[in-house]
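Here the structure is laid out as structure tokens; the discussion comes afterwards.
Quick note on labels: first sequence line is chain A, next is B, and so on, each numbered from 1.
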Amino acid sequence: MNSVIPDFTCDSYDVAVIGAGHAGCEAALAAARLGCETICFMVSTDTIAMMPCNPNIGGTSKGHLVKEVDALGGEMGRNIDKAFIQSKMLNRSKGPAVHSLRAQADKQKYSNCMRKVMESTDHLTLKQAEVSELLYETADDGTKTVTGVKTVSGGIYPCKAVILCSGVYLNARCIFGEVSTYTGPNGTPRATHLTDSLIAAGIEMYRFKTGTPARIDRRTIDFSVMEEQKGDEPIVPFSFTNTPEDLAREQALCYLTYTNEETHKIIRANLDRSPLFSGDIKGSGPRYCPSIEDKVVKFPEKDRHQVFIEPEGEYTNEMYLSGMSSSLPEEVQIAMYRSVKGLEHAKIVRNAYAIEYDCINPMQLYPTLECRKIKGFFSAGQSNGSSGYEEAAAQGIIAGINAARKVQGKEGIVLDRSQAYIGVLIDDLVTKETHEPYRMMTSRAEYRLLLRQDNADLRLTEIGHEVGLIDEERYQKFLKKKQAIEDELERLSLVVLGASVTVCETLKALGTSEIHTATSLLELLRRPELDYESLAVLDPDRVPLPADVIEQVVINIRYEGYIERQMQQVEHFKKLENRKIPEDFDYDAVPSIRIEARQKLKLFRPVNVGQASRISGVSPADISVLLVMLERVLKENGHAEEEKQQ
Amino acid sequence: MHTCLRKVTCMNNDTIAAIATGLSAAGISIIRISGPDSFSIASKIFRNGNSSEPIADHIAEWESHTVHYGFIVDGPEVIDEVMLLYLKAPRTFTKEDTIEIDCHGGIVVTKRILSLVLANGARLAEPGEFTKRAFLNGRIDLSQAEAVMELIGAKNDLAVKNSVKQLRGTLRDRILSLRKQLLTDVATIEASLDQPEYYSLEGFAEKLSESVRAEQEEILKMLHSADNGRLIKEGIETVILGKPNVGKSSLMNALIGEDRAIVTEIAGTTRDTLSEEIRLNGITLLIVDTAGIRNTPDPVEKIGVTRAHEKAVDADLILYVADASVLLDDVDREILKAYAGKKMLAVLNKTDLMKAPVGAEHLTEKDIVPAACTSERDVRELLSDCGCEAEIVSVSAKEGTGLTELEEKISGMFFAGNLRADDEAVITSERHKECLRSAYDSLGKVLTSIEAGLPEDFYSIDLMGAYEALSRIVGEEVDEDLINRIFEQFCLGK
């Protein structure tokens, strides 16, 4: 078996992407669309954009990410618009900042649609092969630079940039009860060689864990005892390129049921057989998507937990049991699921399982997602310790863009925390130590009033266009929308109503108080009891506008005070964000920075003062000192420049 | 949310103020104000010597680098007679508009003026901030700046440590419990935003508005105590130290004038430390009674002895008490050696026992002092043996004799400049007030949002603002608190 496999050199590429999950697809598409010859490796072409866990895209804060990916010119939004079977705007009763779009996907259709896009994209080559080695050269000064990848079968693919999007495949192990299978998710082949190669290249690896619930045969579920969960009418598209009318379709139903004391009793009686509690699983699991056994142990006072039953797609009978992921033994799973109301006769098609995998410590990355230790080596998605399809796609498109820009000799793109959830996500990953898979949450975004899902296009289309992923037609459409919003805001401020009897009568009829002085429509719209539609009677010159334009106008007027406050905070934040720290900055030459802070700064090498201030263990005093020192460097360099010029 | 804002060092050119001289009971104190609003702040609180109104807008017309005589006023109330230095940018230390107020000093007055300046729009300067501005504005060169920056790190750490240390125990607990409540409320909101299908916020706004009102009330109370100087421990930390049963507790009682410390004849009664504030000729002393020091097998008493040592190490002044009716021994020697170099007064207590018994008044003291007893001379010898420099006072705590002399010796040391009040404490107190005010304002904004019928996600913005302000007082980092709390308290799952 140990016979040596002879190496052979294959075609050269600009960019190689390892993996074709949600990160890999976005990375490969972005790089290829930006003109780089790109090859995308996957263990099986049947796993392209596979959704091995929950059958939905979006959700709280994740929906924001999808819209941002779309605004930058990514594929996820368009793809879910093609493949959704139910769509819902969550948090509608809350503020616009936390409205979150979520769609149930037909998993097969989602995967097929993405595959089709990948296959029809120029400059993109798909290759079913396991990458076993990262190839690089080391310069005399120790700097490492990527030169290519090698596959298990000995194929060497020279390339200028490599993007790791290995998901949960590296040395994956699936576990339930006493059973371990050495496969990737859903029984797919895993990748067993690359971890060693990465470690040999000096990359620090983590071992993380996640899990998924069982899939049940639809015919064995009694839906009559469950609550129906319907989709929205009309739906809101994920992609700027679609209108609600384009996407109108028959929507599937989801269902809600609950666990009960009996379920919890079964779980408690079998805890010792759960690999999570027996110590068999060593990887760090996420706190936010605990297995049902975790929940029962952690919240003993809760007598029931919600279970959402969601279809996996139109192609199958399988139903996903959201809220009941588990790694208990198979027979315990059967008893546990059957104790739930409506699941008394449930037949499990696929067991629930936990999965352990290798990923890299993301603090080794620049905010461009390029690895500090190896030039041209990028990483995105679960291989960076994140979790979720959307988080993966968000990193994927950034890594794809930046790998392409690297190859083309351009500076990388970094979104900051005030521009996008993507910025928050990546900044958190590369600056904050994480010991569990990272999930996006709206509470992680300090400027969330500005980072709404409804204005993702307004925030990022410009950047997408500049980068080259947004075509001219879409850009013009975007500019038109932007202009329409500005025009309408101006018009509303200019249409001023006098305090006449007719106006006052009309206002009273609309359920609001009368006016005593001349008042603009814009002022009236600030009143919570009035909305844009109801004001129509007082606004005869109004021309019909698209719903998304009106939405922006109303949000801007209604939340102006809060929005302005956050914009001031952003201004403040940007000041430190714009203070760049030279890459070779000598922290040892600054003795007044405390030792702890200095060690951290040396280790993480923040790119600007803002990032430095977010590293735990760096105090405001350290930042003060740093600012003074940077000023010195600036002045000295300034002098040097002057001297040079003389 | 907002977790990153906290660390953002202010780079705006706002107006800063601080006490530029060390605080002392005597002499002149200088309050320095620097920044664009310096003059307008001064104009609101300064009254020319011959006028009855604040100077208002005339200040802009003054000539730069002039000295003005007058009064600092708070409304109708005159706070102090001062000299005001008027320095226009750029010929100042910071190259910004600068005001210096030379006041008569005294801790109370200096603090009052600083508070007044802050209330009128200045921000309390960070340690070294004047120097930082001087450097950034090109007024001083790097080596000068570096020397100061060197101090900043250490000093800032100290300030944070002090901030926590000086907070009175009960106040700290109150702030911690307020913080906890705030975080719980934010976590409740955030969990429901994150998992709207699992957690509902029905009826939450009413409950929240009630608890926010109560929290504001609580903060107001704290601000009130801050104004009365009760927020933090201030004064000269004076630790009473000595062997068991030499009368330390009696001395403390005598000094504070009430039976606060338990006095018994059983050696080792004071097993913990007790502290009390007293005012002495205008100085505040924080007197700490400690457990008697000896080698003891009793674990509880041992803890007391350890605490006593801890207190003594940090003390501004040690009152070393010896019993005149017994001999000094190796334990005395050990203790004194350990604290050589600290500011110290030796107190020879129980001189009443040395007095002639009734009917033998004609005998001189020398005649009746038993051989086994300790005299001032013995104490002096031991002190010099141990390398301690301390004056000696003989007292009888029981009869109250010698106390006046002791008090005069202490205030003498202070006025001679041998003892320093902790001026960090004043700064800390101002910082605390700033934070409390900011927390109060944030909570006000929460109420406004609730009343305006805004959705719940708007509440968490200002709740978190209040949380962060309170966190600054107790010196806690807030980075991951919210996320951790959400996970702790709410069961989020897929």
Checklist entry - Side chain, backbone, both or neither: which part of B/Leu201 has an atom under 4.5 Å from a heavy atom of chain A? => result side chain
Checklist entry - Any side-chain heavy atom of B/Val212 within less than 4.5 Å of one from B/Asp185? => result no
Item to check | Residues in residues 441-451 of chain B that sit under 4.5 Å from chain A, counting heavy atoms only | outcome: B/Lys445, B/Ser449
Checklist entry - Under the salt bridge (Lys or Arg N to Asp or Glu O under 4.0 Å) criterion, do A/Glu446 and A/Arg614 qualify, and how do the steps go? => result CA-CA 13 Å; A/Glu446 46 279 81; A/Arg614 289 188 291 276; over 6 Å; no
Checklist entry - Thinking salt bridges, do A/Arg417 and A/Glu577 make one under a 4.0 Å N-O criterion? => result no
Checklist entry - Measuring heavy-atom distances to chain B, does A/Ser93 have an atom under 4.5 Å in its side chain, in its backbone, in both, or in neither? => result backbone
Item to check | Audit row: A/Lys575, A/Asp416, salt bridge (Lys or Arg N to Asp or Glu O under 4.0 Å) steps and yes/no | outcome: CA-CA 12 Å; A/Lys575 279 191 181 161; A/Asp416 72 38; over 6 Å; no
Checklist entry - Parallel, tilted or perpendicular: which fits the ring planes of A/Tyr421 and A/His64, with parallel below 30° and perpendicular above 60°? => result tilted
Checklist entry - A/Lys62 versus chain B, heavy atoms under 4.5 Å apart: side chain, backbone, both or neither? => result neither
Checklist entry - Relative to each other, are the rings of B/Tyr198 and A/Phe308 parallel, tilted or perpendicular (30° and 60° limits)? => result perpendicular
Checklist entry - Distance only, no hydrogens: is a donor on one side chain within 3.5 Å (strictly under) of an acceptor on the other, for A/Gln453 and A/Ser100? => result no
Checklist entry - So, is the end of the B/Arg32 side chain (NZ or CZ) under 6.0 Å from the ring centre of B/Phe130 and within 45° of the ring's axis? => result yes
Next on the checklist: Report which part of A/Arg527 has an atom under 4.5 Å of a heavy atom belonging to chain B: side chain, backbone, both, or neither.
Outcome noted: neither
Checklist entry - A/Leu449 versus chain B, heavy atoms under 4.5 Å apart: side chain, backbone, both or neither? => result side chain
